[in-house]
Amino acid sequence: MTTSDLIGVTAVVTGASRGFGRSIAIRLARAGADVVGVARDRAALLDLHEHLGASFTPVAGNVTDPDLAAQLISRHRPQVLVLNAGATPIAARVQDQSWASFSDNWNTDVRQSFEFTRAALGLPLDAGSLVINMSSGAALAGSPLSGGYAGAKAMVRFISSYAAAESGRLGLGIRFVSVLPKLTPATALGAAFVDGYAAYSGTDRATYLTQLGATLTADQVGLAVTEIATDASKTAASYMLTAAGLQELS
């Protein structure tokens, strides 16, 4: 991959102010894309703008706003749309959750995927466009300390597959892909749950990290998303992502 692979391409990245989203925005910009970064934290977006310069456009907004998706797609006509934003779940057992905490990821992560997917199909995006939904490895393995998080991330993957089928049925030529990163301490969310699951399993953090294996970094997530956007051989509908790279899921 060269720094010119995405020259002339506009990419919209949600949740771009921190964690995976920030790394994804940086890597897409380094590959030549004009990146529109969306998040609620305006100050963090402006900080990223200072880092990336004219290749980055900050947009402060709430991804659950039903009008935001249509506005961004209509205004920027992205060829790459990365749906990365999501709520941080509370680390607690199911009996210690409230319905509000249990359903938070459904109201944020799933709604984001729903609203942006609906806009991408309905407006629609141009043929050849790519929509990447960031799901989670928890969608496959479950996550008993995170309320409805695992189910929400499974639904995000389902929405991506539903949208791919609709794109094919309608002849839109829009590609939909879901990416399921493995649990990692590289983000604030992941670090909290590494600590939570270490305590839950009666071990210490270092031992639990050893059990997890090689650590997936935020930069590796950014590289993997850019790889999907630039490598014509990456044609799967869904990928697991670990420190070893992208692995196709059936």
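Note that this is a predicted model, so its numbers are computed, not measured. The first residue in the sequence is number 1, and the count goes up from there.
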Nearest heavy-atom neighbours spanning [X] and [Y]:
X      : Y      : value
Pro124 : Leu172 : CG-CD2, 4.0 Å
Pro78  : Leu125 : O-CD2, 3.4 Å
Val35  : Ala25  : CG2-O, 3.7 Å
Ala152 : Val110 : O-CG2, 3.4 Å
Leu216 : Ala186 : O-CB, 3.5 Å
Thr215 : Pro185 : CG2-CD, 3.8 Å

**Request:** Please name all residues satisfying ring pair (Phe, Tyr, Trp, His ring centres under 6.0 Å) with Phe114, sequence neighbours left out, ordered by chain then number.
**Result:**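 Listed in chain order: nothing, the list is empty.
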With sequence neighbours excluded, tell me which residues meet side chain to side chain donor-acceptor pair (under 3.5 Å) with [X].
X      : value
Glu115 : Arg111, Arg118
Ser55  : none
Asp204 : Thr207

Is there a side-chain contact between [X] and [Y] in this structure, where contact means two heavy atoms from C-beta onward sitting under 4.5 Å apart?
X      : Y      : value
Phe176 : Leu121 : yes
Arg175 : Ile228 : yes
Tyr162 : Thr117 : no
Thr57  : Asp34  : no

Review item, side-chain donor-acceptor pairs of residues 58-73, under 3.5 Å, at least two apart:
residue : atom : partner : partner atom : Å
Asn62   : OD1  : Thr64   : N            : 3.0
Asn62   : OD1  : Thr64   : OG1          : 2.8
Asp65   : OD1  : Asp67   : N            : 2.9

Under 4.5 Å between side-chain heavy atoms, counting indirect links through other Ile/Leu/Val/Met/Phe/Trp/Tyr residues: same cluster for [X] and [Y] or not?
X      : Y      : value
Met134 : Tyr149 : no
Met155 : Ile132 : no
Val131 : Leu123 : yes
Ile26  : Phe56  : yes
Val221 : Leu28  : yes

**Asked** What distance do Ile90 atom CD1 and Ser98 atom OG have between them, rounded to the nearest 0.5 Å?
**Response**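 If we round to the nearest 0.5 Å, Ile90:CD1 and Ser98:OG are 6.0 Å apart.
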**Asked** Which value, rounded to the nearest 0.5 Å, describes the distance between Ser136 atom OG and Asp109 atom CG?
**Response**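 Answer for the OG-CG pair, Ser136 versus Asp109, is 9.5 Å.
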**Set of residues satisfying side chain to side chain contact (heavy atoms under 4.5 Å, CB included) with respect to Ala150, sequence neighbours excluded** =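 Here the qualifying residues are Ala138, Ser143.
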Counting only N and O atoms by type, is there a donor-acceptor contact under 3.5 Å from the side chain of [X] to the main-chain atoms of [Y]?
X      : Y      : result
Ser135 : Lys153 : yes
Thr210 : Ala206 : yes
Thr226 : Gly222 : yes
Thr187 : Gly190 : yes
Gln97  : Gly148 : no

**Asked** Linking Ile, Leu, Val, Met, Phe, Trp and Tyr by side-chain heavy atoms under 4.5 Å, what else ends up with Phe102?
**Response**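 Direct or chained contacts put Phe102 with Val94, Trp99.
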**Item:** Hydrophobic cluster partners of Tyr197 (side-chain heavy atoms under 4.5 Å)
**Value:**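 Leu145, Leu183, Leu189, Phe193, Val194, Tyr200, Tyr208, Leu209, Leu212, which link up through side-chain heavy atoms under 4.5 Å apart, make up the rest of the cluster.
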Report, one line per pair, each donor and acceptor closer than 3.5 Å where one atom sits in a side chain of residues 239-250; sequence neighbours left out.
residue : atom : partner : partner atom : Å
Tyr239  : OH   : Thr235  : N            : 3.2
Tyr239  : OH   : Ala236  : N            : 3.0
Thr242  : OG1  : Ala244  : N            : 3.1
Thr242  : OG1  : Gln247  : NE2          : 3.0

**Pair Asp219, Thr217: side-chain N/O donor-acceptor within cut-off below 3.5 Å** =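 On atom types as modelled, these side chains do not qualify, holding no pair under 3.5 Å.
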**Item:** From CA spacing to verdict: side chain to side chain contact (heavy atoms under 4.5 Å, CB included), Gln79, Leu6
**Value:** CA-CA 10 Å; Gln79 294 96 341; Leu6 295 177; over 6 Å; no
**Asked** Can you name the residues that form a salt bridge (charged side-chain N to carboxylate O under 4.0 Å, His left out) with Arg205, not counting sequence neighbours?
**Response**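 Expected list: Asp195.
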**Request:** Would you please name every residue forming a salt bridge (charged side-chain N to carboxylate O under 4.0 Å, His left out) with Asp41, sequence neighbours left out?
**Result:**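 Checked Asp41 against salt bridge (charged side-chain N to carboxylate O under 4.0 Å, His left out); zero matches.
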Would you list the atom pairs, donor with acceptor, under 3.5 Å between side chains in residues 9-24 and any protein atom, with sequence neighbours excluded?
residue : atom : partner : partner atom : Å
Thr14   : OG1  : Asn84   : N            : 2.8
Thr14   : OG1  : Ala85   : N            : 3.0
Thr14   : OG1  : Gln112  : OE1          : 2.5

**Request:** In sequence, state the C-alpha distance, the side-chain angles, and the governing distance for Leu180 and Ser238, and then conclude on side chain to side chain contact (heavy atoms under 4.5 Å, CB included).
**Result:** CA-CA 8 Å; Leu180 288 68; Ser238 189; 3.5 Å; yes
**Request:** Verify the neighbour count for atom CZ of Arg40: are there more than 12 heavy atoms of other residues, nucleotides or ligands below 6.0 Å?
**Result:**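 For Arg40, atom CZ is not crowded (no more than 12 foreign heavy atoms under 6.0 Å).
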